[in-house]
Protein chains: 2
Amino acid sequence: MNAIKLRAASRAAGPTAAQADPRQALDRIDRAILRQLQNDASISNVALAARVKLSAPACLRRVERLKESGLIRGVVALIDPKAAGAGMLVIIGVVLDRSTPESFAEFEKAAQKVPGCMECHVVTGEFDYFMTIRTRDSDSFNRLHAEQLLYLPGVRQIRSFMVLKEILSTTKFPL
Amino acid sequence: MNAIKLRAASRAAGPTAAQADPRQALDRIDRAILRQLQNDASISNVALAARVKLSAPACLRRVERLKESGLIRGVVALIDPKAAGAGMLVIIGVVLDRSTPESFAEFEKAAQKVPGCMECHVVTGEFDYFMTIRTRDSDSFNRLHAEQLLYLPGVRQIRSFMVLKEILSTTKFPL
DNA sequence: CTTGAAATACTACTACG
DNA sequence: CGTAGTAGTATTTCAAG
């Protein structure tokens with residue numbers, strides 16, 4: 001009951017001069033494999049092969065190719081945040097003082113080091129950045145807010161949206 | 001085939017006065033396992049056991065227990081959005097018409113069905129909900145916006161923040 | 001209650017057709 | 001892509017701290 005393994009083989013140039021397209025021609029079976037692995041990657045390769053109606057070696061070859069190509073970025077365990085003591089989620093909108101490349105670069109470098117920071121994105125609109133941060137409770141968030149967020153470089157304003165209820169949080173999207 | 005047996009977690013009074021904390025007494029080895037599996041869950045159990053300095057069966061039992069307890073919610077493959085044709089990310093703030101339980105429930109039910117919706121959360125502040133949506137490009141987002149988002153039940157206002165650059169996006173947090 | 005060692009069953013993996 | 005064979009692993013059983 002273990003995840004599918006990858007023997008990092010070196011088969012750079014494909015058999016038939018693969019396309020320059022980053023996503024290389026996903027057929028129906030590849031998509032079925034990806035859908036399954038997005039839901040549960042802990043199934044054995046033989047079970048996966050049966051599900052997509054393929055022989056085990058052929059299935060394994062496809063999975064390896066999908067990992068090699070970078071389409072599968074990795075296989076990871078998802079931890080329940082609450083059970084792990086990070087049950088609070090906060091979404092933060094950030095406005096910087098100045099809109100210079102240096103200012104952005106400096107902020108981004110520091111933002112990634114904020115403990116519990118799950119996401120950080122440059123956005124259009126009234127904010128420069130949106131960040132999502134996981135922390136234990138409101139006390140620990142207040143501490144984080146006072147000791148770290150307010151001292152992020154070049155920050156003019158921080159607006160916090162505390163998450164009251166997580167309706168949906170998924171890592172998989174339609175293929 | 002691999003029927004995992006559950007030893008009903010009746011180990012309240014652990015070895016050294018465990019915390020009453022809902023996260024049940026993760027010792028150093030459990031945390032090491034979780035840290036590893038958050039980074040890469042595709043390694044074999046023997047490799048994991050060696051890394052945490054445990055025998056293979058003992059390690060496997062711990063992993064099973066962590067899955068049973070729900071602390072490991074699942075093991076999944078992470079797909080590269082861009083390579084899979086969902087390279088655009090949009091964060092959406094939603095304000096509802098009325099703040100009634102029915103209104104919230106109806107919206108939540110519909111929001112989860114929006115294709116590409118990755119996250120949806122109730123938040124404090126000037127919005128009722130934040131959603132993040134993955135889609136192919138601005139065209140497909142405009143279509144989604146015009147055909148689905150504007151018709152979500154009970155919506156008064158939708159404000160879209162398009163993500164220009166993804167600085168950080170992770171599924172793992174410190175333990 | 002947990003660990004570790006040995007034995008079995010299954011799987012990944014590597015040929016080759 | 002599929003079949004067959006080998007090597008390695010997961011998984012159970014059992015004994016012991």
Side-chain angles (χ1 to χ4, degrees), chain A residues 1-19 24-34 36-37 39-69 71-72 74-77, chain B residues 1-21 23-34 36-37 40-69 71-72 74-77:
Chain A
M1 74 180 276
N2 207 0
I4 293 165
K5 279 157 258 169
L6 166 61
R7 175 63 56 186
S10 58
R11 50 208 288 290
T16 57
Q19 304 151 343
Q24 8 187 339
L26 294 179
D27 64 7
R28 187 161 295 276
I29 297 179
D30 282 326
R31 283 196 293 269
I33 290 174
L34 291 174
Q36 171 59 40
L37 294 183
N39 271 312
D40 182 7
S42 70
I43 70 173
S44 71
N45 180 60
V46 291
L48 176 61
R51 198 177 261 271
V52 301
K53 296 176 175 48
L54 219 64
S55 73
C59 182
L60 190 60
R61 277 191 287 264
R62 279 173 181 260
V63 173
E64 283 176 3
R65 203 182 59 198
L66 290 170
K67 289 186 178 179
E68 286 266 338
S69 72
L71 214 144
I72 295 179
V75 175
V76 302
Chain B
M1 186 181 297
N2 53 21
I4 300 173
K5 287 160 218 157
L6 169 58
R7 179 61 56 184
S10 61
R11 54 209 279 288
T16 56
Q19 305 150 342
D21 206 296
R23 61 175 162 167
Q24 17 183 329
L26 293 178
D27 64 8
R28 187 162 298 274
I29 297 179
D30 283 325
R31 282 196 293 270
I33 290 175
L34 291 174
Q36 172 59 40
L37 294 184
D40 182 6
S42 69
I43 69 173
S44 70
N45 180 60
V46 291
L48 177 61
R51 198 178 260 271
V52 301
K53 295 176 176 49
L54 220 62
S55 73
C59 182
L60 190 60
R61 274 189 290 266
R62 279 174 181 259
V63 173
E64 282 175 5
R65 205 178 59 198
L66 290 169
K67 288 185 179 178
E68 283 275 334
S69 72
L71 213 144
I72 296 180
V75 175
V76 302

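Residue numbers start from 1 in every chain, and the chains themselves are labelled A, B, ... in the order their sequence lines are given, proteins ahead of strands.
- What you find for A:A41 and B:A77 is that their closest heavy atoms are CB-N, 3.7 Å.
- The CG-C1' distance, from A:L60 to D:dA7, rounds to 15 Å in whole Å.
- Heavy atoms of other residues, nucleotides or ligands lying less than 6.0 angstrom from CZ of A:R51 number 12 at most.
- In terms of heavy-atom proximity, B:N45 sits nearest to B:A56 at ND2-O, 3.0 Å.
- The CZ-P distance, from B:R65 to D:dT11, rounds to 17 Å in whole Å.
- The interatomic distance linking B:D30 (CG) with C:dC1 (P) rounds to 16 Å, in whole Å.
- Atom-to-atom, CD1 of A:I43 to C1' of C:dT11 comes out at 13 Å; the value is rounded to the nearest Å.
- Within the 4.5 Å cutoff, the side chain of B:Q36 has no heavy atoms near those of the B:V52 side chain.
- Here C:dT14 is the nucleotide among C:dT14, D:dC1, D:dA10 with the atom lying nearest to any side-chain atom of A:P57.
- Rounding to whole angstrom units, CG of residue B:D27 and P of C:dC1 are separated by 16 Å.
- Among the nucleotides C:dA5, C:dT2, C:dA12, the one closest to the side chain of A:N45 is C:dA12.
- Comparing D:dG2, D:dA10, C:dG4 against the side chain of A:A58 picks out D:dG2 as the nearest.
- The side chain of A:S44 lies closest to C:dT11, out of D:dA10, D:dA4, C:dT11.
- For the pair B:R61 CZ and D:dT11 P, the computed distance is 12 Å after rounding to whole Å.
- In this structure, CD of B:E64 is placed 18 Å from P of D:dT9, rounded to the nearest angstrom.
- Rounded to a whole Å, the CZ atom of B:R62 is 9 Å from the P atom of C:dG4.
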